[in-house]
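Just so it is clear: chains get the letters A, B, ... in the order the sequence lines come, proteins before strands, and each one is counted from 1. All heavy atoms count here, side chains included; hydrogens, waters and symmetry mates do not.
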There are 2 protein chains.
Amino acid sequence: MAKGQGLDDQLCFALYAASRAMTRAYQPLLDPLGLTYPQYLTLLTLWEDDGQRVSALGERLHLDSATLTPLLKRLEAQGLVTRRRSSQDERVVQITLTEAGWDMRQRAGHIPLAMLCHTGLELGELAALREQLKTLTARIRA
Amino acid sequence: MAKGQGLDDQLCFALYAASRAMTRAYQPLLDPLGLTYPQYLTLLTLWEDDGQRVSALGERLHLDSATLTPLLKRLEAQGLVTRRRSSQDERVVQITLTEAGWDMRQRAGHIPLAMLCHTGLELGELAALREQLKTLTARIRA
DNA sequence: CACGATTCAATCGTGCGCAAATTAATCGCC
DNA sequence: GGCGATTAATTTGCGCACGATTGAATCGTG
């Protein structure tokens with residue numbers, strides 16, 4: 001049996017397992033807000049930069065419109081965002097936070113710190129791991 | 001604006017993005033074999049330990065039977081595994097690799113090294129990152 | 001101005017991922 | 001042996017992800 005071929009030797013499985021564990025860890029915090037994990041990430045993006053078009057959100061989150069369109073419709077149905085065609089360019093749909101969408105920012109404000117505690121990582125460890133993952137992601141995508 | 005609240009500050013997003021980037025990177029290698037990424041991980045598990053029951057696979061992969069049952073049916077439809085009820089306990093379904101399932105191990109044998117090259121990581125870096133992710137996963141699940 | 005190429009979002013089809021409900025078999029305890 | 005509790009897998013329903021296609025608006029070039 002060649003070495004490095006087992007499930008537990010694979011970085012890909014460690015990533016896959018960690019990512020799903022992380023998603024599950026967020027769920028008890030997001031459920032009371034009526035949000036899913038990708039919806040929360042989408043709101044994080046909008047809180048940083050409101051009024052983005054769908055394609056810009058997609059570039060930021062690395063999701064395509066086939067994923068975002070229905071997700072944004074669900075956020076709209078919850079009254080958190082509005083979807084409006086640009087008058088300058090009718091192809092473009094701009095996503096804008098509603099009052100409730102901005103309010104959600106406060107309601108979700110405790111989540112990052114709660115998750116930081118949950119991971120049990122020092123701030124420095126967290127930053128180091130995050131940067132390693134970003135580097136890895138950039139290399140993989142290249 | 002509070003610090004540590006932005007999308008790019010979140011470890012969760014770095015993990016989420018890295019995991020999906022990794023999955024996409026495997027795809028060109030798996031497509032010719034007719035496998036998806038979770039199917040490949042499932043086969044890795046079976047190559048290590050053939051004849052496992054569905055619940056054992058689930059514990060190994062941290063997937064529940066609602067995910068595995070249809071996935072395993074698709075692997076069975078491709079002729080890579082057989083699903084058979086245990087005669088000792090009719091509730092249990094045992095998953096066994098077929099000849100084609102074992103052959104696939106050779107056909108997929110180049111993938112780990114190819115992906116290692118693709119990440120551009122040294123063996124030591126990879127092992128370190130992998131162990132950090134495992135530790136993180138264990139802490140999150142605790 | 002015309003018209004092919006491009007861009008943008010939406011749609012369609014497939015395969016996860018997981019909570020909740022279901023069905024069938026086994027276990028435990030009397 | 002009988003019967004409620006438990007266990008194993010399946011099914012159902014929903015929300016991502018993503019490749020591929022579509023349809024509409026805009027751009028670019030002649």
Q | Sugar-phosphate, base or nothing in reach of S65(A), heavy atoms under 4.0 Å | A | base

Q.
Contact list please: residues 68-87 of chain A against DNA chain D, heavy atoms, distance less than 4.0 Å, in numerical order.
A. L71(A), R74(A)

**Q.** Which residues share a salt bridge (charged side-chain N to carboxylate O under 4.0 Å, His left out) with K73(A), sequence neighbours left out
**A.** none

Q: State the pairing partner of dG30(D); accept Watson-Crick or G-U wobble contacts with both distances under 3.5 Å, and report none otherwise.
A: dC1(C)

Per-pair distances, 0.1 Å, donor-acceptor, side chain in residues 11-24 of chain B, under 3.5 Å, sequence neighbours excluded:
unit_1: R20(B); atom_1: NH1; unit_2: H62(A); atom_2: O; d: 2.9
unit_1: R20(B); atom_1: NH2; unit_2: L61(A); atom_2: O; d: 2.8
unit_1: T23(B); atom_1: OG1; unit_2: S19(B); atom_2: O; d: 3.0
unit_1: R24(B); atom_1: NE; unit_2: R20(B); atom_2: O; d: 3.3

(Q) In the structure I gave you, are the side-chain heavy atoms of Q10(A) and M115(B) within less than 4.5 Å of one another anywhere? (A) no

**Q.** pair T82(A)-L97(A): side-chain heavy atoms closer than 4.5 Å
**A.** no

Q: Check side chain to side chain donor-acceptor pair (under 3.5 Å) between R74(A) and all other residues, then give those that pass, not counting sequence neighbours.
A: none

Q) Going by the salt bridge (charged side-chain N to carboxylate O under 4.0 Å, His left out) test, which pairs reach into residues 52-68 of chain A, not counting sequence neighbours? A) E48(A)-R60(A), R60(A)-D8(B)

Q) Quick one: on DNA chain D, does D89(A) or L63(A) contact a more 5' nucleotide (nearest heavy atom)? A) L63(A)

Q: Describe the nucleic acid contact of T67(B) in one word from base, sugar-phosphate, nothing, applying a heavy-atom distance below 4.0 Å.
A: base

Q: Would you please name every residue forming a side chain to side chain donor-acceptor pair (under 3.5 Å) with R85(A), sequence neighbours left out?
A: none

Q. How long is the line joining CG of D64(B) and P of dT12(D), in whole Å?
A. 16 Å

Q) Going 5' to 3' on DNA chain C, which nucleotide is the first and which the last to come under 4.0 Å of a heavy atom in chain B? A) dG15(C) to dT26(C)

Q: Could you list the residues that satisfy side chain to side chain contact (heavy atoms under 4.5 Å, CB included) with A100(A), not counting sequence neighbours?
A: L80(A), T98(A)

Q. I95(B) and side-chain contact (heavy atoms from CB on, under 4.5 Å): which partner among T45(B), L72(B), D50(B), L68(B)?
A. L72(B)

Q: Taking only heavy atoms on the protein side, list every residue of residues 13-29 of chain A lying under 4.0 Å from any atom of DNA chain D, sorted numerically.
A: none

Find every protein N or O atom lying less than 3.5 Å from an N or O atom of nucleotides 3-7 of chain D, and list the pairs.
unit_1: dT7(D); atom_1: O2; unit_2: R91(B); atom_2: NH1; d: 3.0

Q) With a 4.0 Å cut-off on heavy atoms, is Q88(B) in touch with a base, just the backbone sugar-phosphate, or nothing at all? A) sugar-phosphate

Q) Residues in salt bridge (charged side-chain N to carboxylate O under 4.0 Å, His left out) with D89(B), at least two apart? A) R91(B)

Q: Is it possible for you to say whether L29(B) and Y40(B) belong to one hydrophobic cluster, with membership spreading through side-chain heavy-atom contacts below 4.5 Å?
A: yes

Q) Between dA9(D), dA17(D), dC16(D), which nucleotide gets closest to the side-chain atoms of Q39(A)? A) dC16(D)

(Q) Side-chain heavy atoms nearer than 4.5 Å, only ILVMFWY residues, links allowed to pass through others: does that put V81(A) and V92(A) together? (A) no

Donor-acceptor pairs under 3.5 Å, side chain of residues 118-130 of chain A to any protein atom, not counting sequence neighbours: which ones?
unit_1: H118(A); atom_1: NE2; unit_2: I140(B); atom_2: O; d: 3.0
unit_1: T119(A); atom_1: OG1; unit_2: L116(A); atom_2: O; d: 2.7
unit_1: T119(A); atom_1: OG1; unit_2: L121(A); atom_2: N; d: 3.3
unit_1: E125(A); atom_1: OE1; unit_2: E122(A); atom_2: N; d: 2.7
unit_1: R130(A); atom_1: NH1; unit_2: D9(B); atom_2: O; d: 2.9

